[in-house]
Trainee: 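To start, I am sharing the structure in question, which I have written as structure tokens.
First the proteins, then the strands, lettered A, B, ... as listed; each starts at 1. The basis for the numbers below is simple: all heavy atoms, side chains too, and nothing from hydrogens, waters or symmetry mates.
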Protein chains: 2
Amino acid sequence: MGSRDLHQGATMTAMSGATIHQVAKAAGVSPSTVSNFLNGRPGRMLPETRARVEEAIRHLGYRPNRAARQLRTGRVQVVGLVVPSVANPFWGAFALHLEGAALAAGYHVLLCNSARDPERERAYIDELWADGIRGVVLCSSLPSLDHVLPLVEQGLNLVAFDRTAQAGDPSRMVNISVDNVIGAQLATRHLLELGHRRIAFVSGALRSVNRRERFRGFRDALENAGLSPDDAIVWSGAADEPYGDLDVAGLGRRAAADLMRGDDPPTAIVAINDMCALGVSAGVRDAGLRVGQDVSVVGFDDIVLADLAAPPLTTVRQPMADMAAAAFTHLRECVESDEPATGRSLLMRPELVVRGSTGPVPPPR
Amino acid sequence: MGSRDLHQGATMTAMSGATIHQVAKAAGVSPSTVSNFLNGRPGRMLPETRARVEEAIRHLGYRPNRAARQLRTGRVQVVGLVVPSVANPFWGAFALHLEGAALAAGYHVLLCNSARDPERERAYIDELWADGIRGVVLCSSLPSLDHVLPLVEQGLNLVAFDRTAQAGDPSRMVNISVDNVIGAQLATRHLLELGHRRIAFVSGALRSVNRRERFRGFRDALENAGLSPDDAIVWSGAADEPYGDLDVAGLGRRAAADLMRGDDPPTAIVAINDMCALGVSAGVRDAGLRVGQDVSVVGFDDIVLADLAAPPLTTVRQPMADMAAAAFTHLRECVESDEPATGRSLLMRPELVVRGSTGPVPPPR
DNA sequence: ACCTCCTTGTGCAACGTTTTACCAAGGCTT
DNA sequence: AAGCCTTGGTAAAACGTTGCACAAGGAGGT
């Protein structure tokens, strides 16, 4: 590929990249043999021949044309990643890990931001399919997968991330998620143990599986502590707010403002995730109260920023790196072997990380 | 592949996606005509014919095979995005915007995290090129582009984002960046106007263009205020720390710890970016000091989290959405027209956003 | 000597698209 | 009526791979 010193006619061909034919000619073999060297096992030829092919490839800087290969085989070394919004650091970090795993296996990652809009997801995944991509990590956690079902039935390998299996799911997929119920229970129990009894749950609309599960964990924990469900204070955003993914933080901030303005404001708040919790914290401060003292706040995810906040955020950690690696590995296996492991689920255990944003109930003011 | 209820033969073809031949047959025309309808202008045929083709396409749910198209034309509707780390919310947000612009034009975005490692970038971009991708947004801001030069000379369209033009740059590229010098000057002048005289600059190794420029703006502002360069306190990380992109925040935190432990600690700190500034703020608090009162901190970027921090972060805003759109638009034009606008640069004006993390110099303790 | 099998290859037909060159038929001009 | 555009459309050759089917040439068995 180099470039500088080519005066003889080879230039043009070197420019657009050598083909397998040129390699074959240079090595004095047929294209088939080169192909065999590259794909079938190289044991199919004399060591001497193999050496010549190797040398020719190296010398010409040959890289197989992916389009041609894909056209012929129907495969691409690309997986799709559909996240609500990569501007959320949690998804950013997830994308980083997924991409790392993919890179190590020679795969690439195609990024799609769906804002949890099913129609947008459908359109995206349709395109990915048309591009020959047969593996997708879908992170929207929508309860229904109907919008992508046709493709899954046609052979698309799907990993539903941050979403547990639901009745009616297609069989040809796997779910990878943290145990959101337990996670929310851990968070809520922590607040209860600190003595809180007026606890609010702040989220965007509860339209995704993970959010519903977290809510369930929250409610279960309250009930286990002998509180009635009516004691739960739930703030799920204005009805017109699509999913609260574009700006969860802003949503959290408004929520806190609302809640703190109320008659009998909560002494603790469980936020749907860390970004939301950071927004809630800001809202609490807006109201002139101190996070961790006047009001306890707990998040979910344990993004890097949780530890940098003031006070640092108590939260529920997801083993994200592991999950990302698992998602990719699974996808790769399915795509490469054809015929997928069907109906598997991977449920990871979350971990409570206690920091400064939670504390004992303040004396009544 | 698929499975369930295939009794009639047509199913198989519907499964793997219809081809242009099937569409042609269904419409009673030749493949060429269908192709003309799709690419050349549809004015090339009778309205009646066109209608039949349209109907056939709709009815069969035909989507052109990208691999075949790419093999034939050599083009793909994909641009590469190479960022230091998408886990940094700034790059996450940038990716979101770029992807939005791409989506609107029917393009996809391939995500690459380089950690500013030139070798990794080279390998990445080589692969993108081999994949037929002819447009890449490179965000590492490395002073030398030698590692990607061969490909650029062969026809790769490059947008160097967050990096101004350097002597020796290949001509076939454009630079899009905020004016980092002015930005850093704004930040520093703000601190000077508040009365600060002992000001520190915190960054990872100054190996990227944007960082050097920010540092220059910082130093210029000090000099303009009549301070000697020696008054500048510069903390650029341990020598063994590659670039400080993996964990800028952690770096900022350690930096603050170091600085605050010193004999004559600074009263204000300019951080290389917002993530770093958030880390610095955490470090300042670790040292038992109050951000915005005991120590002023200013960042760069204005990520969403800047406004959520406690206290909210004074910072320099980049018009990111505009820049992302410009980057994509340019790339698209180049890729589609072949032969690029050469040697152009786009330099955007930054804006100082004053929030609570900066304040007047505290009385000496 | 003949058949069989193994080794080390090669030839050729796809894969689904785009595009160049060509063609037929009708309408104008002269 | 001959020549020439124009219109509406087609045939066929690529693009660079892969993988099946086949082929020499030799080794081993009977």
Trainee: Atom CD1 of B/Ile20 to atom C1' of C/dC15: distance rounded to whole Å?
Mentor: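 Distance, rounded to whole Å: 14 Å.
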Trainee: Near A/Arg120 CZ, under 6.0 Å, is it more than 12 heavy atoms from other residues, nucleotides or ligands?
Mentor: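 Result for CZ/A/Arg120: enclosed.
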Trainee: Expressed as a whole number of angstroms, how long is the span from A/Asn65:CG to C/dC15:C1'?
Mentor: 13 Å
Trainee: Have a look at A/Trp129 and tell me which of A/Val148, A/Val136, A/Leu151 forms a side chain to side chain contact (heavy atoms under 4.5 Å, CB included) with it.
Mentor: A/Leu151
Trainee: Determine the contact category for A/Thr33: base if any of its heavy atoms lies under 4.0 Å from a base atom, sugar-phosphate if only primed atoms, P, OP1 or OP2 are that close, otherwise nothing.
Mentor: base
Trainee: In whole angstrom, what separates B/Arg66's CZ from C/dT17's P?
Mentor: 12 Å
Trainee: Any chance CD of B/Glu48 has more than 12 other-residue heavy atoms, nucleotides or ligands included, within less than 6.0 Å?
Mentor: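 Count not over threshold, so no.
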Trainee: So if I take every side-chain heavy atom of B/Arg69 and compare against C/dT17, D/dG9, D/dG16, which nucleotide ends up nearest?
Mentor: C/dT17
Trainee: Between C/dG11, D/dC15, C/dT17, spot the one nearest the side chain of B/His21, thanks.
Mentor: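 For B/His21, the side-chain atoms sit closest to C/dT17.
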Trainee: For the side chain of A/Met45, counting heavy atoms from C-beta on, which of C/dG9, D/dG16, D/dG9 is nearest?
Mentor: C/dG9
Trainee: Measure from CD on B/Gln22 to P on C/dC15 and round the result to the nearest Å.
Mentor: 11 Å
Trainee: Where the side chain of B/Leu46 is concerned, which of D/dG16, D/dG9, C/dG9 is the nearest nucleotide?
Mentor: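 Ranking D/dG16, D/dG9, C/dG9 by closest atom to the B/Leu46 side chain puts D/dG9 first.
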Trainee: How many whole angstroms separate atom CZ of A/Phe37 from atom P of C/dT10?
Mentor: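 Going from CZ in A/Phe37 over to P in C/dT10 covers 15 Å.
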Trainee: Report the nucleotide, chosen from D/dT17, C/dG16, D/dA11, that has the shortest atom-to-atom distance to any side-chain atom of B/Ser30.
Mentor: D/dA11
Trainee: Count the heavy atoms of every other residue, nucleotide or ligand shown that sit under 6.0 Å from CZ of A/Arg50, and state whether that count exceeds 12.
Mentor: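 More than 12 within 6.0 Å, yes.
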Trainee: Rounded to whole angstrom units, what separation is found between the CG atom of A/Leu60 and the C1' atom of D/dG16?
Mentor: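 Rounding to the nearest Å, CG of A/Leu60 and C1' of D/dG16 are 15 Å apart.
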Trainee: Which of the following nucleotides, C/dG9, C/dG16, D/dT10, is nearest to the side chain of B/Ala68?
Mentor: C/dG16
Trainee: Can you tell me how far the CE atom of A/Met323 sits from the CZ atom of A/Phe161, to the nearest 0.5 Å?
Mentor: 4.0 Å
Trainee: Sugar-phosphate means primed atoms, P, OP1 and OP2; the rest is base. With that split, encode nucleotides 19-28 of chain C 5' to 3' as B, S or - using protein heavy atoms under 4.0 Å.
Mentor: B---------
Trainee: Between atom CD in B/Gln70 and atom C1' in D/dG16, what is the gap in whole Å?
Mentor: 11 Å
Trainee: Using heavy atoms to find the nearest nucleotide of DNA chain C for B/Arg63 and A/Arg52 separately, return the residue whose nucleotide is more 5′.
Mentor: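 Comparing both residues, the 5'-ward one is A/Arg52.
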Trainee: Write down the distance between CG (B/Leu71) and P (C/dA14), rounded to a whole number of angstrom.
Mentor: 17 Å
Trainee: Run through A/Leu158, A/Leu156, A/Val152 and flag the one making a side chain to side chain contact (heavy atoms under 4.5 Å, CB included) with A/Arg172.
Mentor: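 In the set A/Leu158, A/Leu156, A/Val152, the residue that makes a side chain to side chain contact (heavy atoms under 4.5 Å, CB included) with A/Arg172 is A/Val152.
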Trainee: Assess whether salt bridge (Lys or Arg N to Asp or Glu O under 4.0 Å) is satisfied between B/Glu119 and B/Arg122, documenting all intermediate values.
Mentor: CA-CA 5 Å; B/Glu119 174 48 32; B/Arg122 194 201 51 71; 2.8 Å; yes
